[in-house]
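Numbered from 1 within each chain, the chains take letters A, B, ... in sequence-line order. From a predicted model like this one, the values you see are computed outputs, not experimental measurements.
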Amino acid sequence: MLYATELMGAKTYDSQGNYVGRIKEFFIEPADQPNRIAHYLLGRGRFQPLVARHDQVASVAPGTMRLNVNERLLDPYEPNEAWLAVQKDLLDQQIIDTSGRKVVRVNDVDLAEQRTNGNVELRVTQVDVGLPGAVRRLFQGIAPQKFIRKMQQRLPPSSIRWEFVNLVEPDPLRRVKLRITHEKLEDLHPADLADIMEELSAAERQGIIASLDEETAAAVLGELDARLTSQIVERLDPEKAADILEEMAPDAAADLLADLPKETSEELLDEMPGQEAQEVRELLEYDPATAGGMMNTDFVFVGERATREEVLKWMRDQELNLDQLDTIVLLDKAAQFSGTVPVARLLLAEPEQTLFELKMEPLLSLPPDASDKEVFEIFDKYNLRMLTIVDEDNRPMGTITVDDVVSKLLK
Amino acid sequence: MWNKESIETQWAGWTERVERVMAAVRPYRHRLALFLAVVGPGLIVSNVDNDAGGIYTYAQSGAKFGNTVLWSLIPMTIALYVSLEMCSRMGAVTGKGLSDLIREEFGFRVTFVLMALVLIVNLGNVMAEFTGVFWASEVFGISRFISVPLAGLLVWALVVAGTAKAVERIFLTVCVVYFSYVISAFLAKPEWLIALLHLLPPQLMHYIPSVRQWVEVPPFNASYMVILAGLVGTTIAPWQHFYLQAAVVEKRVGPRQYPATRNDVLVGSISCMVIVFFILVCTSSTLHSSGVHDIDNAGTAALALKPLAGKWATALFALGLLNASLFAASILPLSTSYVVCEAMGFESGIDRKFGEAKIFYALYTALIALGVVFVLFLGRFAQTILLWSQVLNGFLLPVVMIFVLILVNRRDLMGEKVNPKGFNWVAWISTAAMIGLTLIVAYSSIRELLTHPSS
């Protein structure tokens, strides 16, 4: 096992044994191979730096590297955006450990040798985020190699396999060139991803949100601290921001827009499709400290005379938001609110039972201008998971779910 | 006159007036709310600055040179504001702490050395804070073997048991106790107009015939320069920059909230200097004018006030000292362990459990424990430690300031928010002045330590 720190500054000799220069940087070319050191930057003091390709290396050891070609065959160095620099882009930078679901800082990079006839390739195996790497960084070049190796053996190792390393690159163009995708992040739970995002810098957060698909981005924004959310949305491209808002529940979108400056929120609403924008606009009218400000207008309602079988069949055909599907709102013939049925009750009912027979007692609802205190009290008193909000004509306008209450209480 | 109608009409008048005031205030309510939401870090960071070491230095300057040091307050306010504003701006724009940025831009080794220095310097500061608790409790006649461990325990428990938000709220409330110095100063009955006059450069005032007779020109000799450097050294401390930037990041201040944070820093810098002004005026009008020119600790300063300004002035002065020491003793160990752990990549933050952030809690506990033990068993070296911690602060400050100035001018980090040209000039000049003054204080302190090692 070799370490990037140990190899940094190694003297390099060509096939004739002539001194060429010292290793100044390692480059990975992710577009070619995700973990191979593809190029070695050789510094030569006041002369132009050269670059050795991976197939021009004969052997590597701490302190020395030998090439299998003559110095004249090496290319002069030209900066390349598509190369990932180990020292500049990795060491001391923050990365996301997708297996441990946290943000860590890289102390060192571990490399493995891979020999083929007359050629040695280095492959990145893991990044060191623990004390051994720290000790190497601190003493490299100051204390003898043996001492450092001995000391690091006594320290608890802590490293992350290269497959689980997710780089954060704020610049979108460079991200594409470096083939950095955030697919692995999309598999994380939105709440975990939100925790990770909170530890990153503003530009990095922006970069991640911009590269996630809209659905994940919407879920993450829903979990983030309100101030961060508005900062992120404000800086997004309006079209993308509107797409994300569309994916969010209307109440969450309205909360988010309420924190933005007037012009920005108007601009985003104009970008959104008419019906969604209309719903959000209506919600924005309500004071956040009222039932209207807490409710979600996206809810499932059916006629009270429908049977269990009919309802289940209907629901299967709809594209319903499963997070919201906890309780079903019932309407009577006059399209007025007549009760609610928890999905659990529906599950256990007979196929031919009507929803009217399954509905919860007592019949509870609040008008949109009820204060948040009233909402909390009614949830507490009746151990509710969902409450229906009705207008003056007793028509359901929206529902408040228990998670809305919890987040409101925690604010 | 007191019949029902007249009361009713008067009452009606009042409600109308209150309504009018409310109507006038309403447009500002949103702005005020925004200010209050991000207020805190700036106010805390500049007020913790008036800690035990600071109060000792101010009391000493006031006693020794009277009103002639007052003119330095205005340039010092500017330097304090400029240096803190840069850090808060960096925090708001990059979303990263100062130690993070140094690690990312200057590498592991530089960061390690800097963090080691920060740790040593801040340990000295923590010791000085507990010495302040000791001095204050002495004034009230309480043994240090009771007061100091109790203070240590209180500070430790406050952070380990409380949440970050509660702790900050307590600290903000505690800022109010600083007004005890204002009352102390009023009890000392100083010549206010003359004191205010000395806020302007005395050399200039000297040329205005009508005010000339009241102005004392400072004696620009060696001991005056040392006092001046001491004032700067205790007012602008390296740890503040780390703390402030981390707090701005923690508060999620972004570019849109930044103006409110800048006001917070401005209000903090000014309020800090106002308190310094009152301490200086209080000690100068009592101690200096009655010939007490040398005091050996801040507690003595409080006691010396008794015959001159009454026992209430003494009590308030000591209360202020106790408050300042406790306040700083709770913030310094916390911010130090936070900054060091962040830079080295250890888990940190009081929201983490003990098992998750062992190094963080170990550092925090060790800093407090060492501070307490030092005062209990090595209290006789307090003067030496105080002097040394000032010297070390002085050495570290220019280093930190140079890092800050390099980072804040990097366009790739700050974009459009790099220092404006004029601002940069002020920043570099005040850094240069700080370097000059801290070199003077370092030189003289080292000379003193070498010639009088026992003191």
Side-chain angles (χ1 to χ4, degrees), chain A residues 5 8 87-95 97 100 102-108 127-131 133-142 156 158 168 170-171 195 197-207 224-235 259-262 264 410, chain B residues 30 33-34 37-38 89-97 99-116 163 165 245-246 248-258 260-261 340-349 351-352 356-359 412-415 417:
Chain A
T5 309
M8 215 55 92
Q87 177 151 285
K88 191 169 158 288
D89 296 326
L90 264 179
L91 293 187
D92 296 319
Q93 307 301 316
Q94 287 184 315
I95 54 140
D97 166 11
K102 57 184 179 199
V103 178
V104 284
R105 215 173 263 290
V106 178
N107 283 341
D108 204 351
V127 297
D128 189 324
V129 296
L131 288 173
V135 165
R136 275 196 299 278
R137 291 293 298 287
L138 189 60
F139 291 113
Q140 181 64 37
I142 299 174
S158 167
V168 271
D171 180 4
D195 278 349
M197 303 257 291
E198 292 192 355
E199 288 195 38
L200 297 174
S201 75
E204 291 163 344
R205 277 195 285 269
Q206 210 67 33
L224 271 177
D225 178 275
R227 192 175 282 163
L228 284 185
T229 316
S230 59
Q231 281 168 16
I232 291 173
V233 172
E234 232 173 307
R235 282 206 240 157
D259 286 341
L260 294 179
K262 199 92 190 138
T264 322
L410 278 179
Chain B
H30 181 72
L34 186 64
V38 293
R89 178 151 39 99
M90 265 201 284
V93 173
T94 64
K96 288 184 180 179
S99 50
D100 290 298
L101 280 179
I102 292 177
R103 169 82 190 264
E104 282 171 20
E105 304 303 324
F106 298 95
F108 185 88
R109 207 172 281 166
V110 170
T111 314
F112 183 86
V113 173
L114 190 66
M115 288 304 122
T163 66
K165 228 173 206 171
Q245 193 167 334
V248 166
V249 173
E250 191 76 29
K251 281 223 151 201
R252 317 264 181 241
V253 174
R256 193 150 55 88
Q257 292 86 6
Y258 176 66
T261 296
V340 171
C341 287
E342 283 278 286
M344 307 320 288
F346 304 133
E347 301 263 327
S348 60
D351 301 328
R352 300 276 152 86
E356 291 173 339
K358 276 185 203 130
I359 299 182
D412 55 336
L413 293 174
M414 298 294 291
K417 301 276 186 177

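Here the closest heavy-atom approach between residue B/G107 and residue A/D92 is recorded as CA-OD2, 3.2 Å. Shortest non-hydrogen contact noted between A/R227 and B/R252 is CD-O, 2.9 Å. Taking every heavy atom of both residues into account, B/D100 and A/R105 meet most closely at OD1-NH2, 2.5 Å.
Both the backbone and the side chain of B/F108 come within contact range of chain A, judged by heavy atoms closer than 4.5 Å. Heavy-atom distances place the side chain of A/E204, and not its backbone, under 4.5 Å from chain B. Proximity to chain A is absent for every atom of B/V249, based on heavy atoms less than 4.5 angstrom apart. If you measure heavy-atom distances from A/L200 to chain B, the contacts under 4.5 Å come from the backbone alone. Residue A/V103: no heavy atom, backbone or side chain, is found under 4.5 Å from chain B. Proximity to chain B (any heavy atom under 4.5 Å) is shown, for A/K88, by neither the backbone nor the side chain.
A/Q94 contributes atom CD, which lies 9.5 Å from atom CZ of B/R103 (distance to the nearest 0.5 angstrom).
Applying the salt bridge (Lys or Arg N to Asp or Glu O under 4.0 Å) test to A/E234 and every residue at least two apart in sequence or in another chain returns B/R256. Shown here are the side-chain contact (heavy atoms from CB on, under 4.5 Å) partners of A/Q87, two or more places apart in sequence or in another chain: A/M8, A/E25, A/L91.
With hydrogens and angles ignored, the 3.5 Å screen pairs a side-chain donor or acceptor of B/R109 with a backbone N or O of A/R137.
Side-chain contact between A/Q93 and B/E104: present, with at least one pair of heavy atoms (C-beta onward) separated by less than 4.5 Å.
When A/V104, A/V129, A/I142, A/L131 are compared by the number of non-hydrogen pairs under 4.5 Å with chain B, A/I142 comes out ahead.
Counted within 6.0 Å of CZ on B/F112, heavy atoms from surrounding residues, nucleotides or ligands total 12 or fewer; the atom is thus considered open.
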